[in-house]
Amino acid sequence: MNETTIPILPCRTLQPVLDFYTVLGFEVTFQQRSPNPYAVVRRGGMELHFFGMKHYEPAGSFSTCVVRTDDVDGLYEAFRARLKAAYGRVPNRGLPRIGPPKDTSHGVRQFLMTDPGGNCIRVGQRTSDDQHHRPAPEETFARALHHASLLADSKEDLTGAAKVVDRALRLRDERPTPVQLLRLLVLRADVATRLGDEETAASALAEAAAVHLTAEERSSAHDDLELLGQLQGRGPEEHWRHQEESRHRRRSS
């Protein structure tokens with residue numbers, strides 16, 4: 001037996017959705033305009049079906065599906081490069097948008113991509129045979145990062161995620177490690193950017209850029225540095241060259 005499950009996702013109109021997936025390298029393999037709008041896109045082993053609804057509201061959509069891959073980082077980089085070539089930037093808020101790869105608490109590394117129809121495509125790769133959620137960490141800042149990330153990405157509760165991070169950053173009797181501080185600030189900047197709060201995003205990015213990490217710490221915070229560079233409009237290596245140059249100028253002045 002060889003079964004295949006294919007999601008059928010809603011959208012207000014087909015064309016913006018088909019244009020988006022074409023940018024990502026998908027092929028439109030079927031399109032029907034009447035009696036009901038319907039279309040199919042395919043890229044490798046990924047196949048998605050869409051149907052049109054006149055009064056559908058993409059911004060309020062809860063529709064989602066999971067795509068399993070054996071190269072989540074490679075697929076993310078391919079999508080990101082295509083989006084940047086088509087749009088001149090990588091969209092990280094509004095519709096459409098794409099978020100960076102992250103390691104989850106249930107043994108999956110994934111990124112979330114939302115198309116113009118408001119459909120969230122969760123592209124993931126298994127990193128463990130145990131697919132159960134791990135218990136939330138007990139340590140204060142690891143716990144804050146855990147809950148804030150879940151709120152921001154799994155529940156799309158950006159305001160709730162911001163509150164969790166702000167509460168952790170306001171603590172005075174406990175202090176995060178440099179890596180934890182970087183992760184909290186980058187997450188706060190990401191959430192603020194997605195909320196359209198440019199002032200808070202800029203402040204969090206500036207604080208994150210000022211966090212000094214050792215080479216070993218930079219390695220462990222690779223994903224966060226990648227996102228920091230993207231939010232600043234440059235890659236992580238360029239970010240750290242910029243930081244080291246700024247530190248050198250301060251020592252020389």
In sequence, state the C-alpha distance, the side-chain angles, and the governing distance for D70 and R126, and then conclude on salt bridge (Lys or Arg N to Asp or Glu O under 4.0 Å). CA-CA 8 Å; D70 59 4; R126 286 191 175 190; over 6 Å; no
May I ask you to test the V67-R43 pair for a side-chain heavy-atom distance under 4.5 Å? no
What orientation do F26 and F79 show, parallel under 30°, tilted 30 to 60°, or perpendicular over 60°? tilted
Does a side-chain heavy-atom distance below 4.5 Å link L83 with V23? yes
Taking every heavy atom of A59 against every heavy atom of L95, the minimum-distance pair comes out as N-CD1, 4.0 Å
For residues 74-87, which residue pairs qualify under side chain to side chain donor-acceptor pair (under 3.5 Å), counting only residues two or more places apart or in two chains? Y76-Q230
Side-chain heavy-atom pair I121, V123 within 4.5 angstrom cut-off: yes
Under a 3.5 Å threshold, yes or no: a donor from one side chain and an acceptor from the other, between E174 and T140? yes
Heavy-atom closest pair (P96 atom, P91 atom, distance to 0.1 Å) is O-CB, 3.3 Å
Just how far is it from atom CD of E47 to atom CD1 of I6, taken to the nearest 0.5 Å? 4.0 Å
Determine the minimum heavy-atom distance between A161 and A148, stating which atoms define it. CB-O, 3.4 Å
Do D153 and R194 meet the salt-bridge criterion of a basic N to acidic O distance under 4.0 Å? yes
Quick one, D190 and L231 - any side-chain contact, counting heavy atoms below 4.5 Å? yes
Is any side-chain heavy atom of R183 closer than 4.5 Å to a side-chain heavy atom of V165? no
Let me check something: do L169 and L205 share a hydrophobic cluster, defined by ILVMFWY side-chain heavy atoms less than 4.5 Å apart, either directly or through other members? yes
Should L181 and L171 be regarded as members of a common hydrophobic cluster, given that ILVMFWY residues are connected when their side-chain heavy atoms come within less than 4.5 Å of each other, either directly or indirectly? yes
Working to the nearest 0.5 angstrom, can you tell me the gap between S105 OG and H146 NE2? 4.5 Å
Just by distance, no angles: are the side chains of N36 and Q32 close enough, under 3.5 Å, to form a donor-acceptor pair? no
According to a 4.5 Å side-chain heavy-atom criterion applied to Ile, Leu, Val, Met, Phe, Trp and Tyr, with indirect links allowed, do V72 and L227 form part of one hydrophobic cluster? no
Using every non-hydrogen atom in the two residues, find where P16 and P116 come nearest and quote the distance to one decimal. O-CG, 3.6 Å
Gap between atom CZ of R109 and atom CG of D71 - 0.5 Å precision: 10.5 Å
Please go through I8's hydrophobic cluster and name the other residues, only I, L, V, M, F, W, Y counting, with side-chain heavy atoms under 4.5 Å joining them. F30, Y38, V40, F51, M53, Y56
For the backbone of E138 and the side chain of R143, can you confirm whether one donor and one acceptor N or O come within less than 3.5 Å of each other? no
Looking at T104 and H106, would you say the former's side chain and the latter's main chain have a donor-acceptor pair under 3.5 Å? yes
When hydrophobic residues are tied together by side-chain contacts of less than 4.5 Å, even through go-betweens, does L151 share a cluster with V191? no
Salt bridge check: are E57 and R12 linked by an N-O gap of less than 4.0 Å? yes
Tell me whether D115 contacts the main-chain N or O of N119 through its side chain, where contact means a donor paired with an acceptor under 3.5 Å. yes
Can you give me the closest heavy-atom contact between T193 and A201, atom names plus distance? OG1-CB, 3.5 Å
Ion pair check, E27 and R42, cut-off under 4.0 Å: no
So do the side chains of V179 and D224 get within less than 4.5 Å of each other, counting heavy atoms only? no
Could you tell me whether the side chain of S128 and the main chain of G107 form a donor-acceptor pair under 3.5 Å? no
Minimum-distance pair of heavy atoms, taken over all atoms of L213 and P178: CD2-CB, 3.6 Å
Donor-acceptor contact below 3.5 Å, side chain T22 vs main chain L18: yes
To the nearest 0.5 Å, what is the distance between CZ on R188 and CG on L184? 11.0 Å
Check: C65 and L48 side chains under 4.5 Å, non-hydrogen atoms: yes
Decide yes or no on side chain to side chain contact (heavy atoms under 4.5 Å, CB included) for F141 and T177, but give the supporting numbers first. CA-CA 9 Å; F141 299 103; T177 66; over 6 Å; no
S220 side chain to E217 main-chain N or O, any donor-acceptor pair under 3.5 Å? yes
Under the rule for ring-ring contact (aromatic ring centres under 6.0 Å, His included), what residues qualify as partners of F20, not counting sequence neighbours? none
In terms of side-chain geometry, is the basic nitrogen of E198 or R93 positioned less than 4.0 Å from the acidic oxygen of its partner? yes
Any link between V108 and F111 through a network of hydrophobic side chains (Ile, Leu, Val, Met, Phe, Trp, Tyr) touching at under 4.5 Å? no
Interatomic spacing from CG in D73 to NE2 in H222 - rounded to 0.5 Å: 8.0 Å
If we only count heavy atoms from C-beta on, is the Q110 to L112 side-chain gap below 4.5 Å? yes
Just by distance, do the side chain of T64 and the backbone of C120 share a donor-acceptor pair under 3.5 Å? yes
Decide if atom CG of N2 counts as having more than 12 heavy atoms of other residues, nucleotides or ligands within a radius under 6.0 Å. no
Roughly how far apart are L195 CG and L158 CG, rounded to 0.5 Å? 4.5 Å
Check whether any side-chain N or O of E226 sits under 3.5 Å from a backbone N or O of D223 as a donor-acceptor pair, and report yes or no. no
